[in-house]
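Residue numbers count from 1 along this sequence. Computation of the quantities below employed the complete heavy-atom set of this structure, encompassing side-chain atoms and omitting hydrogens, waters and symmetry-equivalent molecules. Since the model is a prediction, treat every value here as computed from it, not as a measurement.
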Amino acid sequence: SSGINAEWPLRPGEHKLVIDALKDVNEPTRKCYQLVGGVLMERTVGQVQPNLENNASKINTLITTMDKTLESKQKELVDFKEKHGIKVRGEDSMEDKNKSDSPAPTSTGVLVN
């Protein structure tokens, strides 16, 4: 579930890139191609553009809803653990590491051989 959640933010960006590119095309009858279920379909800009805008809007709404649900469930889990005195092995040491004042070492993203 968290893997799925991590993928969702990428999709609105992908939709936005295509929507922005199609805004420059002033020919609604111009051919374009859309990947639908793994199949590349020939369509027109006039057919694809409204669908993309609608899908992007739905994805943004879904992401907002999922984020709110995730926050709610995380709070419920914390409350349940506190209410019933549940402690997960290793969880305290992770919290201590997160609360420490020393900054974590940062990666420069450079690999030297």
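- If you chain together hydrophobic residues whose side chains sit under 4.5 Å apart, M41 and V48 never meet in one group.
- Taken together through direct or relayed side-chain contacts under 4.5 Å among Ile, Leu, Val, Met, Phe, Trp and Tyr, L77 and L70 form parts of separate hydrophobic clusters.
- In the hydrophobic clustering of this structure, V45 groups with L52; members are Ile, Leu, Val, Met, Phe, Trp, Tyr whose side-chain heavy atoms approach within less than 4.5 Å, directly or through other members.
- A donor-acceptor contact shorter than 3.5 Å is absent between the side chain of N54 and the backbone of P50.
- Using a 4.5 Å cut-off between side-chain heavy atoms of Ile, Leu, Val, Met, Phe, Trp and Tyr, with links allowed through other members, L35 and Y33 fall into the same hydrophobic cluster.
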*Full working for salt bridge (Lys or Arg N to Asp or Glu O under 4.0 Å) between D79 and K83*: CA-CA 6 Å; D79 292 346; K83 178 180 177 183; over 6 Å; no

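- One N or O on the side chain of Q47 and one on the backbone of T44 form a donor-acceptor pair closer than 3.5 Å.
- Under a cut-off of 6.0 angstrom, the local environment of CZ in R30 is sparse, with at most 12 non-hydrogen atoms contributed by other residues, nucleotides or ligands.
- Salt-bridge formation is detected for the pair K16/D20: a Lys NZ or Arg NE/NH1/NH2 atom is positioned less than 4.0 Å from an Asp or Glu carboxylate oxygen.
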*Step-by-step salt bridge (Lys or Arg N to Asp or Glu O under 4.0 Å) determination, K73 to E76*: CA-CA 5 Å; K73 293 299 178 184; E76 284 180 30; 3.7 Å; yes

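- In this structure a side-chain-to-backbone donor-acceptor pair under 3.5 Å is missing from S72 to K68.
- Of all the heavy atoms in H15 and N55, the pair that sits closest is NE2-CB, 3.7 Å.
- Every side-chain contact (heavy atoms from CB on, under 4.5 Å) that I86 has, sequence neighbours left out, goes to F80, K81, H84.
- Distance alone, capped at 3.5 Å, places no donor-acceptor pair between the S57 side chain and the E53 backbone.
- Here L22 contributes atom CG and E27 contributes atom CD; the two are 12.0 Å apart, rounded to the nearest 0.5 Å.
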